[in-house]
Amino acid sequence: KEYLELAQAMPNNAIALGNANFSLGNSNRKLGNPALAMEYYKKSLAIREKIGDLSGIALSNWGIGQSYLNKKDYQKALKHLDIALKTNKSVKNPFQDAVILLSRVPTYLALEDFVNAEQTSNLALEKAKESNSKALVGDVVKAQVEIAAAQRKFDEALKLQSHYIAIKD
């Protein structure tokens with residue numbers, strides 16, 4: 001909250017205000033306050049759209065999508081994650097692409113849409129490797145373990161789990 005107050009006090013600093021609202025959205029989502037998280041994400045989105053901050057617009061839509069995912073409103077989650085991904089393409093940030101793609105996987109798993117879950121995780125893995133983030137590659141492989149296990153492909157899940165452990169060590 002202090003950061004938000006500081007950002008509000010600074011004239012012409014819409015980027016800081018957008019970032020502060022986004023951070024408060026993340027904090028509230030993680031603390032189990034979905035309504036407040038959504039409010040902050042939407043404020044962040046409005047500010048970022050006003051100033052044309054494409055990376056910020058993508059992140060704000062990602063946050064809104066995560067909030068809908070937490071509410072189990074999968075269609076709205078996918079809608080906002082789609083917007084985030086499309087917006088992020090113009091920014092050319094493979095790390096952020098991977099994070100957005102990875103966020104879609106639990107939605108597809110909840111819908112038992114294993115084909116899209118696998119395709120999306122494979123794209124996320126490509127982007128994670130492109131970003132050179134070992135931790136993100138590990139997160140994607142962990143999601144692939146969950147996809148295989150959900151399909152009762154236990155041999156594949158075990159191989160992926162071994163790969164995940166090797167990455168995380």
Side-chain angles (χ1 to χ4, degrees), residues 19 22-38 40-42 44-45 48 54-169:
N19 290 345
F22 179 77
S23 293
L24 288 168
N26 278 341
S27 296
N28 278 283
R29 182 176 52 83
K30 290 175 184 173
L31 291 171
N33 300 319
L36 197 52
M38 185 69 79
Y40 282 119
Y41 284 137
K42 287 183 176 181
S44 173
L45 179 60
R48 289 165 163 180
L54 294 178
S55 181
I57 291 167
L59 285 172
S60 294
N61 274 291
W62 172 84
I64 293 168
Q66 289 295 101
S67 292
Y68 280 124
L69 176 60
N70 291 348
K71 291 179 172 184
K72 299 184 183 345
D73 191 337
Y74 303 119
Q75 296 310 317
K76 285 184 181 176
L78 286 172
K79 175 187 169 198
H80 283 278
L81 293 171
D82 283 344
I83 293 168
L85 192 59
K86 287 175 187 165
T87 304
N88 197 61
K89 283 189 192 283
S90 61
V91 178
K92 296 183 174 136
N93 181 334
F95 181 89
Q96 204 162 293
D97 278 344
V99 169
I100 295 166
L101 287 162
L102 183 57
S103 296
R104 296 170 59 102
V105 171
T107 304
Y108 288 131
L109 283 176
L111 295 170
E112 296 184 5
D113 183 349
F114 302 122
V115 171
N116 275 319
E118 286 180 3
Q119 289 174 348
T120 301
S121 72
N122 288 335
L123 287 172
L125 186 59
E126 286 176 30
K127 292 295 182 176
K129 287 178 179 177
E130 186 181 331
S131 75
N132 294 315
S133 172
K134 186 177 173 185
L136 189 53
V137 169
D139 291 343
V140 174
V141 172
K142 183 179 178 188
Q144 291 178 327
V145 170
E146 293 169 10
I147 295 166
Q151 297 176 82
R152 305 184 63 74
K153 296 179 179 177
F154 298 118
D155 287 342
E156 183 179 339
L158 185 59
K159 287 177 191 172
L160 287 164
Q161 180 69 24
S162 296
H163 183 56
Y164 169 72
I165 291 168
I167 292 169
K168 286 296 189 178
D169 279 350

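Just so we're clear, the structure is a prediction, and the values are computed from it rather than from any experiment.
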- Message: Does L45 form a side-chain contact (heavy atoms from CB on, under 4.5 Å) with I57? I'd like the steps, not just the answer.
- Response: CA-CA 6 Å; L45 179 60; I57 291 167; 3.9 Å; yes

- Dump the intermediate steps for side-chain contact (heavy atoms from CB on, under 4.5 Å) on I147 and L160, then the final yes or no. CA-CA 10 Å; I147 295 166; L160 287 164; over 6 Å; no

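Note that CD1 of I167 and NZ of K134 are 8.0 Å apart. Values are rounded to the nearest 0.5 Å. Rounded to the nearest 0.5 Å, atoms CG (L101) and CG (L81) are 9.5 Å apart. In this structure, the separation between CG on N19 and CG on L24 is 11.0 Å, given to the nearest 0.5 Å.
Relative to the ring axis of Y41, R29 does not place its NZ or CZ within 45° and under 6.0 Å from the centre.
Annotation for S44 and S60: closest pair OG-OG, 2.8 Å, computed over non-hydrogen atoms. Here the shortest heavy-atom pairing between S67 and M38 reads CB-CE, 3.6 Å. For the pair T87 and L54, the tightest heavy-atom approach, listed with the atom from each and the gap, is CG2-O, 3.3 Å. Closest approach of A98 to A128, counting heavy atoms only: CB-N, 3.6 Å. Contact between A77 and G65 at its shortest, heavy atoms only, is CB-O, 3.4 Å.
L78 places a side-chain heavy atom less than 4.5 Å from the side chain of L111. Counting heavy atoms from C-beta on, the side chains of S103 and L69 never come closer than 4.5 Å. For the pair E146/V105, no side-chain contact is recorded, criterion being any heavy-atom separation below 4.5 Å from C-beta on. Taking 4.5 Å as the limit, some side-chain heavy atom of R48 sits within range of a side-chain heavy atom of F22. Side-chain contact between F95 and V99 is present, with heavy atoms from C-beta onward closer than 4.5 Å.
Looking at residues two or more places apart in sequence or on another chain, you find no side-chain hydrogen bond (donor to acceptor under 3.5 Å, both in side chains) involving T107. Under the ring pair (Phe, Tyr, Trp, His ring centres under 6.0 Å) criterion, Y68 pairs with H80, not counting sequence neighbours. In this view, Y108 satisfies the ring pair (Phe, Tyr, Trp, His ring centres under 6.0 Å) rule with no residue, not counting sequence neighbours. With sequence neighbours left out, N93 forms a side-chain hydrogen bond (donor to acceptor under 3.5 Å, both in side chains) with no residue at all. Partners of D73 by side-chain hydrogen bond (donor to acceptor under 3.5 Å, both in side chains), not counting sequence neighbours: none found. With sequence neighbours left out, L36 forms a side-chain contact (heavy atoms from CB on, under 4.5 Å) with N28, N33, E39, Y40. With sequence neighbours excluded, no residue satisfies salt bridge (Lys or Arg N to Asp or Glu O under 4.0 Å) with E156. In this structure, the side-chain contact (heavy atoms from CB on, under 4.5 Å) partners of A150, at least two apart in sequence or on a different chain, are L109, F114.
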Donor-acceptor contacts under 3.5 Å from residues 136-145 side chains, at least two apart:
from: Q144; atom 1: NE2; to: S121; atom 2: OG; distance (Å): 3.3
from: Q144; atom 1: NE2; to: N122; atom 2: OD1; distance (Å): 3.1

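Among residues at least two apart or in separate chains, salt bridge (charged side-chain N to carboxylate O under 4.0 Å, His left out) pairs with a member in residues 96-122 are D82-R104, D97-K127, E118-K153.
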